[in-house]
Amino acid sequence: MTYGDILFRPMSIDDAADFNRLVGVVARERRYLRFIDAPSMDGTVNFLRDSLAAGNPHLAAVVDGELVGWCDVCRHSFEIEAHVGRLGIGLAQEFRGKGLGKALLDMTLAAAERLNFQRIELTAFSDNRRAIALYETRGFVHEGVMRAAARFGDEYRDIVLMARLASSLSDKGTSAVD
Ligand SMILES: CC(C)(COP(=O)(O)OP(=O)(O)OC[C@H]1O[C@@H](n2cnc3c(N)ncnc32)[C@H](O)[C@@H]1OP(=O)(O)O)[C@@H](O)C(=O)NCCC(=O)NCCS
């Protein structure tokens, strides 16, 4: 699917090097992700290969053949959490604030719905207002704050936990245990 000059398509293992590079660029901004540099290339290849083999949705946003964004939902590995996926998203700086994140997120959520993810959760730094505003418009609800959970040098930052439940789960879950 195209959106302006952007092509949205599923990722393949052939995207591993570009994915690793883009994640590294965003990580080094030290504002948005929980790591501060690219993972190792082997780590990215193994992650992407295993996650694609598990059937998880990984979408790529591509401009002129260059990867400029990703969005994925990775299913939890424990059997009792297999209805749950963790969402990740990121765009190269020059492509933010133009509606691309919304489009990429919507496509990924639609794919996750088809794959029967019932709960999609994510974390964001509490000052990442754009990401949080986007998640809120897509039905993600704040579930809590992990205070001072990240430290970048001398700066401590809170991490918010958000989740979006399929309608089949709206009356499920135990909020208290004896
Ligand atoms: C988060 C991210 C994917 C959002 O994508 P985007 O293309 O920049 O966002 P969009 O242009 O689609 O805007 C989405 C919504 O965010 C809100 N928004 C946009 N700019 C905003 C700003 N500066 N402050 C607060 N909210 C803002 C709006 O509600 C907007 O919806 P609207 O256009 O209907 O008003 C992108 O900014 C990004 O990659 N950021 C760096 C990496 C990152 O933060 N990843 C997520 C980690 S949790």
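Residues take their numbers from the sequence shown, with the count starting at 1. Ligands are counted one by one from 1 in listed order, and the atoms in each one are counted from 1 as well.
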Any Lys/Arg nitrogen of [X] or [Y] sitting under 4.0 Å from an Asp/Glu carboxylate oxygen of the other?
| X | Y | result |
| --- | --- | --- |
| Arg75 | Glu121 | no |
| Asp15 | Arg21 | no |
| Glu136 | Arg129 | no |

Among all protein non-hydrogen atoms, which one is nearest to [atom], and what is the separation to 0.1 Å?
| atom | answer |
| --- | --- |
| atom 6 (P) of ligand 1 | Gly97 N, 3.6 Å |
| atom 4 (C) of ligand 1 | Leu134 CD2, 3.7 Å |
| atom 45 (N) of ligand 1 | Ile89 O, 2.9 Å |
| atom 11 (O) of ligand 1 | Gly99 N, 2.7 Å |
| atom 43 (C) of ligand 1 | Tyr32 CB, 3.6 Å |

Nearest 0.5 Å please: distance from the [atom1] atom of [X] over to the [atom2] atom of [Y].
| X | Y | atom1 | atom2 | answer |
| --- | --- | --- | --- | --- |
| His58 | Ile13 | NE2 | CD1 | 9.5 Å |
| Glu143 | Leu122 | CD | CG | 9.5 Å |
| Phe47 | Asp42 | CZ | CG | 15.0 Å |

Under 6.0 Å from the ring centre and within 45 degrees of the ring axis: does the NZ or CZ of Arg31 meet both conditions for the six-membered ring of Phe125? no
If only side-chain N and O atoms count, and only distance matters, is there a donor-acceptor pair under 3.5 Å linking His83 with Gln118? no
Would [X] count as being in polar contact with ligand 1, using the rule that some N or O on each side must be under 3.5 angstrom apart?
| X | result |
| --- | --- |
| Ala133 | no |
| Ala124 | no |
| Lys102 | yes |
| Arg130 | yes |
| Val26 | no |
| Asn128 | yes |

Region of Tyr135 that comes within reach of ligand 1 [heavy atoms, distance under 4.0 Å]: side chain
Please classify the Lys98 to ligand 1 contact at 4.0 Å (heavy-atom distances, strictly less than): side chain, backbone, both or neither. backbone
Looking at [X] and [Y], would you say the former's side chain and the latter's main chain have a donor-acceptor pair under 3.5 Å?
| X | Y | value |
| --- | --- | --- |
| Ser51 | Leu48 | no |
| Arg96 | Leu91 | yes |
| Lys102 | Lys98 | no |
| Asp158 | Ala148 | yes |

Find all atoms of ligand 1 within a distance of less than 4.0 Å from any non-hydrogen atom belonging to [X], and give their numbers and elements.
| X | result |
| --- | --- |
| Leu91 | 5 (O), 6 (P), 7 (O), 38 (C), 39 (O) |
| Gly90 | 39 (O) |
| Ala131 | 1 (C) |
| Thr123 | 48 (S) |
| Gly101 | 5 (O), 6 (P), 7 (O), 12 (O) |

Heavy atoms of the protein only: does one fall short of 4.0 Å from [atom]?
| atom | value |
| --- | --- |
| atom 35 (O) of ligand 1 | no |
| atom 47 (C) of ligand 1 | yes |
| atom 8 (O) of ligand 1 | yes |
| atom 2 (C) of ligand 1 | no |

When every non-hydrogen atom of Ile159 is compared with those of Ala149, the smallest separation belongs to CD1-CB, 3.9 Å
